[in-house]
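For reference, the structure discussed in these notes is given below.
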Amino acid sequence: MEDAALGWWGVPLAVIAGAIRISTPFLFVSLGECLTEKSGRINLGLEGTLVMGAMSGYGTAWATGSPWAGVLVAGLAGMVFGLLHALICALPRVNDIAVGIALMLLGTGLAFFLGKPFIQPTAPHLPAISLGFWSEVPQIRAALEVNVLFVIGALLAVAMLWAFRATRWGLIIRMAGDSADAARAMGYDPDRVRMWATMTGGFLAGVGGAFLSLYYPGSWNEGLSSGQGITAVALVIFARWNPMWCFYAALLFGGASALGPALQAVGVTQGYYLFNAAPYLLTLVIMVLASSSRRRLAGAPGELSVTR
Amino acid sequence: MSQARTISDPKLRQAAEAVAIPMLAVAVSMVLFGAFVAAVGVDPIELYQLMYRGAFGTWFSWQNTLQRAAPLLLVALCTALPAQMGLVVIGAEGALVLGGLAAMAAGLPLADAGAPVLVVQLAMAAAGMAAGAAWIGIAGGLRHARGVSETISSLLMVYIAIAVLNHMVEGPMRDPASLNKPSTPAIGDGFMIGDMPGMDVHWGFVIGVVFCLAAWVLMFKTTFGFAARMVGGNVRAGRAAGLPVGGLIVAVTMIGGAAAGLAGMVEVAAVHGRANATLAAGYGFTGILVAFLARQNPLAIIPVAILMGGIGASGGLLQRRLDLPDATVLVLQGILFVVLLASETLYGRLRLPSLPLRRTAAPAAPAGTGKA
């Protein structure tokens, strides 16, 4: 009955709730990718890392009974993939975009292979913070169940923004990303800086994957991430390599992803599958609007191959 | 002495590298994958024997392999041709899906109207190619007009294409008889592309080979191809030479997209008979691997696609015999892809064969004369 009581108001509410809920993996992957790209390398393999994180996180949480152990292992798995990417890309004449594509395929392949036993069992979920205690309406209460990783991600975005601007590490990463020569002149090996940036980026993407299997949708299956990792990579370009903008962009995409299901809930089933395309289409449109053939993107790291 | 010279001859050396390095990469991948399956408790020797049997061991498995190679030949072109211009297009899956859908959209009404078989098939091929060309052409156009990374845009468009396919087969083009597997109506056996005489391999394989040959001629034997590759080498030099860079980018991406769209048409017209979600079976992504393994050369795509088709064909046997998941093939492909890209670093540095020759030849001249 409550469904009927809310009626069409359920749509914006579900979109807001979805924005918070669905944005979390986008947020983690885009923050990780933001860090990697700031150091001058692009890792398109984060889609594979996301799926790998979802699988290993789920498997660990199921085996240990602790979802946080799952998050940690997912992050470590992502770190291994980041390390692999960094090591291969440090070889001369190797293209980082192509290696990313290869790791995307390898990551999904390994996750599907090793994740077969985890399709049936149920693992403990990550906890949520109830911010909707003031309301009597169940939808509002449900909408304001904010997961802990979202909060951590939001804080991380602020911390990263500050770190890029005000810390020595932030400066080193930016320098490696803007000019490898300048970094070398200052005595820093750009390949080593990028290795740490890619590994940390992989860690974050792995954590984003753990969210998929341990919070929402909250189970492991092979269709878990259809391009969310790659969408998040595209988001970084839209966010102009600014962690706060990554956060806003992730919210926007979470909302876009929630639109189809929200409309379906109030009986609009026409074009349900087309709404599934909304986040990808939105990313594409925003990339088109944000790009330009004539000038370099403002804020783009100088060493980045995609923006050259 | 003369042997050392021939190895350092740039052309011969390039050719030697083009063969030796991918083979080395395949060998290293096989060792790594063997170690992986050994780690999950499968005997790698038995696995490779089974894979060989499932891929090339019998006439039956050969036919299966060629059947699977057919779409790979075409989708690999979608990555390989733009790569000649320095573009990394990885969205062939989207062009394939929409190509298959468009082929059904064109073929069904014509078949219903009682058009001749050849007309229906040609219309299906044309529609498939047009859809694929338009789809990947968008990525090329956006690259030129707005500087949007074609890699990311083409991949995002895969998911859009799959959503469009799902929308059409669930809604406007749905066959009411397809209950739990929503599909378009079937085109009917009479309109399907048949098998080649005396075998279970459909004509799509021949179409794919012909397209690869044509693409090779286009890229390496025509002025158009030369101009395109020149732009790929250096955009500024291309502009300075007065080449229409934007037009070339769009044209080449469209040709690549057309090939992938045709792969979709072949899949619906020769294998499935209808369009449904099975179109998005991952051929587009395997095609990227084929293109890279072939080093973006349309001629080299032919053997590589057969090899990959074989690996795909052996997947079923591995599942049945060794109880391995269907993703086993994906893992092998992923390892192969990663190792292959890492091996790129060896090009131009492979001096191993010439070094010992030179060393023995120079200081030990008297001993050398004895041999000669």
Side-chain angles (χ1 to χ4, degrees), chain A residues 42 44 47-48 84-85 87-89 91-95 97-116 222 226-227 230-231 233-234 237 270-281 283-284 287-297 305-307, chain B residues 36 40 79 83 88 90 138-139 142-153 155-171 246 282 285-286 288-289 292 324-349:
Chain A
I42 182 162
L44 284 188
E47 170 78 22
L84 200 56
H85 186 272
L87 290 179
I88 296 172
C89 290
L91 297 169
R93 300 164 51 93
V94 174
N95 176 320
I97 294 183
V99 173
I101 301 164
L103 285 177
M104 186 195 305
L105 294 181
L106 179 63
T108 37
L110 274 179
F112 290 179
F113 185 99
L114 300 171
K116 266 271 153 14
E222 292 177 358
S226 41
I230 207 72
T231 312
V233 171
I237 295 170
Q270 194 73 37
Y272 172 74
Y273 290 92
L274 290 181
F275 278 108
N276 281 349
Y280 310 106
L281 194 62
T283 314
L284 193 60
M287 270 178 66
V288 172
L289 295 178
S291 306
S292 162
S293 60
R294 288 182 206 295
R295 57 195 162 74
R296 287 186 61 89
L297 295 171
S305 43
V306 269
T307 53
Chain B
F36 173 77
V40 297
T79 302
V88 186
I90 57 174
I138 291 174
L142 289 178
R143 164 65 185 227
H144 176 66
R146 301 289 305 175
V148 175
S149 160
E150 76 286 348
T151 313
I152 295 176
S153 67
L155 188 54
L156 287 173
M157 286 168 73
V158 170
Y159 299 102
I160 299 173
I162 292 174
V164 169
L165 172 75
N166 284 333
H167 174 74
M168 294 307 280
V169 301
E170 289 275 359
F285 295 110
T286 312
I288 305 168
L289 174 59
F292 272 88
L324 284 169
D326 50 357
T328 314
V329 167
L330 281 180
V331 177
L332 175 57
Q333 286 178 345
I335 291 176
L336 191 55
F337 205 166
V338 172
V339 173
L340 177 81
L341 289 173
S343 76
E344 288 275 318
T345 193
L346 294 174
Y347 286 93
R349 302 206 293 176

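A, B, ... follow the sequence lines: proteins, then strands. Residue 1 opens every chain. Every value quoted in this text rests on a predicted model; they were computed, and no experiment measured them.
- Annotation: maximal heavy-atom pairing with chain B below 4.5 Å, among A:Leu87, A:Thr108, A:Val94, occurs at A:Val94.
- Most heavy-atom pairs under 4.5 Å with chain A, from the set B:Leu156, B:Thr286, B:Ile162, B:Leu330: that is B:Leu156.
- Take B:Phe292 and apply the ring-ring contact (aromatic ring centres under 6.0 Å, His included) test, not counting sequence neighbours, and it matches B:Phe337.
- With a 4.5 Å cut-off on side-chain heavy atoms, A:Thr231 and B:Tyr159 do not count as touching.
- With a 4.5 angstrom heavy-atom cutoff, B:Gln333 does not touch chain A via any of its atoms.
- Rounded to the nearest 0.5 Å, atoms CD1 (A:Ile42) and OG1 (B:Thr151) are 8.0 Å apart.
- Taking each heavy atom of B:Ala342 and A:Leu91 in turn, the nearest pair found is O-CD1, 3.8 Å.
- Scanning for side chain to side chain donor-acceptor pair (under 3.5 Å) contacts around A:Asn95 gives an empty result, with sequence neighbours left out.
- Residue B:Val329 does not touch chain A at all, counting heavy-atom pairs closer than 4.5 Å.
- B:Leu155 is listed as a side-chain neighbour of A:Met104, based on a closest heavy-atom distance under 4.5 Å.
- Taking all atoms of both residues into account, the shortest heavy-atom contact from A:Lys116 to B:Pro325 is CG-CB, 3.5 Å.
- Here CD1 of A:Ile97 is found 12.0 Å from CG of B:Leu341. Values are rounded to the nearest 0.5 Å.
- With contacts defined as side-chain heavy-atom distances shorter than 4.5 Å, the pair A:Leu284/B:Ile160 qualifies.
- B:Met168 does not touch chain A: none of its heavy atoms, backbone or side chain, sits under 4.5 Å away.
- Counting heavy-atom pairs under 4.5 Å between each of A:Leu114, A:Asn276, A:Leu281, A:Leu84 and chain B puts A:Leu281 at the top.
- Heavy-atom minimum distance, B:Glu344 versus A:Arg93: O-NE, 3.7 Å.
- With a 4.5 angstrom heavy-atom cutoff, B:Leu324 touches chain A only via side-chain atoms.
- B:Val148 approaches A:Ser291 most closely through the heavy-atom pair CG2-OG, 3.7 Å.
- Nearest heavy-atom pair, A:Tyr273 versus B:His167, reported as atom, atom and distance to 0.1 Å: CB-N, 3.6 Å.
- Shortest non-hydrogen contact noted between A:Ile101 and B:Val88 is CD1-CG1, 3.8 Å.
- Looking at B:Ile335, the atoms closer than 4.5 Å to chain A (heavy atoms on both sides) sit in the backbone and in the side chain alike.
- When heavy atoms are compared at a cutoff of 4.5 Å, A:Leu44 approaches chain B solely by way of its side chain, counted from C-beta outward.
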